[in-house]
Amino acid sequence: MKKIVTDERVRQEENQVFAWVGRAMNILLPLSFLLKSVVLKWSFETYVFELVAMLLISAYLFYGYWKKGIDMERGPAWQGYFYLGGVIVGTTILMAWNNYQIYGHHYTGIWDGHFWVVVLIFFISMTCLVLLLLNIVSWVNSYRQQQVEKELEEE
């Protein structure tokens with residue numbers, strides 16, 4: 001039986017294709033989830049797949065980076081800040097829109113001061129939550145990096 005040897009360049013190309021698929025899934029699944037839950041207001045059973053897939057992909061990515069000891073914060077800093085700002089602002093806008101849809105009859109209009117106080121509270125709470133989660137993930141990742149460095153020094 002003949003053994004087929006795979007060139008490392010072919011493996012690198014395959015990994016690149018899988019990385020593009022993973023990035024597309026990380027963009028399309030949240031969009032589908034938000035569209036079905038917030039805009040269309042479908043029942044939970046219709047978008048439970050997207051939610052479970054997003055959680056599994058996120059857990060797998062975090063575990064993969066953690067297991068390998070790869071720095072999750074590498075690359076240009078502005079991209080990370082841009083992403084975090086987009087998550088915070090986007091979530092705040094969705095929460096404010098949903099709040100106005102539900103409790104809009106209590107406000108005198110879109111320029112009501114109470115509505116904007118609620119939006120400010122959403123923004124502050126989302127910022128605190130995202131930064132807290134980022135610090136926890138960063139701490140766990142740096143701890144694992146130190147463990148990998150110790151393992152490499154011992155070898």
Side-chain angles (χ1 to χ4, degrees), residues 11-150:
R11 284 201 173 168
Q12 185 177 6
E13 290 294 323
E14 287 176 348
N15 290 339
Q16 196 171 20
V17 168
F18 285 123
W20 279 105
V21 169
R23 285 188 187 116
M25 292 295 287
N26 282 336
I27 293 169
L28 295 176
L29 282 174
L31 287 177
S32 174
F33 170 73
L34 291 174
L35 181 70
K36 289 179 179 178
S37 65
V38 175
V39 177
L40 299 175
K41 298 189 187 316
W42 287 2
S43 66
F44 180 73
E45 292 82 22
T46 58
Y47 58 85
V48 69
F49 171 76
E50 285 89 347
L51 183 62
V52 170
M54 284 187 327
L55 293 174
L56 288 176
I57 288 172
S58 299
Y60 177 75
L61 284 174
F62 179 73
Y63 176 75
Y65 274 97
W66 179 80
K67 185 71 175 162
K68 298 290 183 184
I70 299 173
D71 185 10
M72 294 174 73
E73 299 164 2
R74 61 192 160 112
W78 67 269
Q79 286 180 344
Y81 295 135
F82 184 71
Y83 175 74
L84 287 177
V87 167
I88 292 169
V89 170
T91 307
T92 302
I93 289 171
L94 286 173
M95 290 169 64
W97 183 67
N98 194 23
N99 180 352
Y100 195 79
Q101 295 294 322
I102 295 172
Y103 303 108
H105 61 281
H106 293 294
Y107 302 125
T108 58
I110 192 77
W111 299 112
D112 188 2
H114 295 100
F115 173 71
W116 289 105
V117 168
V118 170
V119 171
L120 180 65
I121 291 171
F122 284 156
F123 180 75
I124 291 170
S125 64
M126 281 308 302
T127 302
C128 291
L129 179 65
V130 166
L131 292 178
L132 175 68
L133 291 175
L134 179 67
N135 282 331
I136 290 171
V137 168
S138 176
W139 179 79
V140 169
N141 187 253
S142 65
Y143 178 74
R144 180 61 183 162
Q145 280 181 311
Q146 291 172 357
Q147 285 181 334
V148 169
E149 288 173 6
K150 284 181 185 177

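All residue numbers refer to positions in the sequence shown, counting from 1.
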Side chains of [X] and [Y]: does their closest heavy-atom pair fall under 4.5 Å?
X: Arg144; Y: Val148; answer: yes
X: Met54; Y: Leu51; answer: yes
X: Lys41; Y: Asn98; answer: yes

Requested in this report: Assess whether atom CD of Gln101 is packed by more than 12 heavy atoms of other residues, nucleotides or ligands within 6.0 Å.
Outcome: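 Atom CD in Gln101 is crowded, with more than 12 foreign heavy atoms closer than 6.0 Å.
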
Where [X] and [Y] come nearest, the two heavy atoms and their spacing:
X: Phe122; Y: Met95; result: CD2-CE, 3.3 Å
X: His105; Y: Ile102; result: CE1-O, 3.5 Å
X: His106; Y: Asp112; result: O-OD2, 4.5 Å
X: Phe123; Y: Thr92; result: CA-OG1, 3.5 Å

Please report the interatomic distance [atom1]([X]) to [atom2]([Y]), rounded to the nearest 0.5 Å.
X: Ile88; Y: Ser125; atom1: CD1; atom2: OG; answer: 10.0 Å
X: Gln147; Y: Gln145; atom1: CD; atom2: CD; answer: 11.0 Å
X: Leu131; Y: Met126; atom1: CG; atom2: CE; answer: 10.0 Å

Requested in this report: Kindly assign one of parallel, tilted or perpendicular to the pair Tyr107 and Tyr100, based on the angle between their ring planes and the thresholds 30° and 60°.
Outcome: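 It falls in the parallel class, under 30°.
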
**Report entry** Whether Trp111 and Trp116 hold their rings parallel, tilted or perpendicular, with breakpoints at 30° and 60°
**Finding:**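 Ring orientation, 0 to 90° scale: parallel.
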
Report task. Have a look at Leu31 and tell me which of Leu29, Leu35, Ile27 forms a side chain to side chain contact (heavy atoms under 4.5 Å, CB included) with it. Result ->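 Answer to the side chain to side chain contact (heavy atoms under 4.5 Å, CB included) test with Leu31 among Leu29, Leu35, Ile27: Ile27.
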
Report task. Kindly say whether Leu134 contributes a backbone atom to a donor-acceptor pair with the side chain of Ser138 at under 3.5 angstrom? Result ->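 Absent.
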
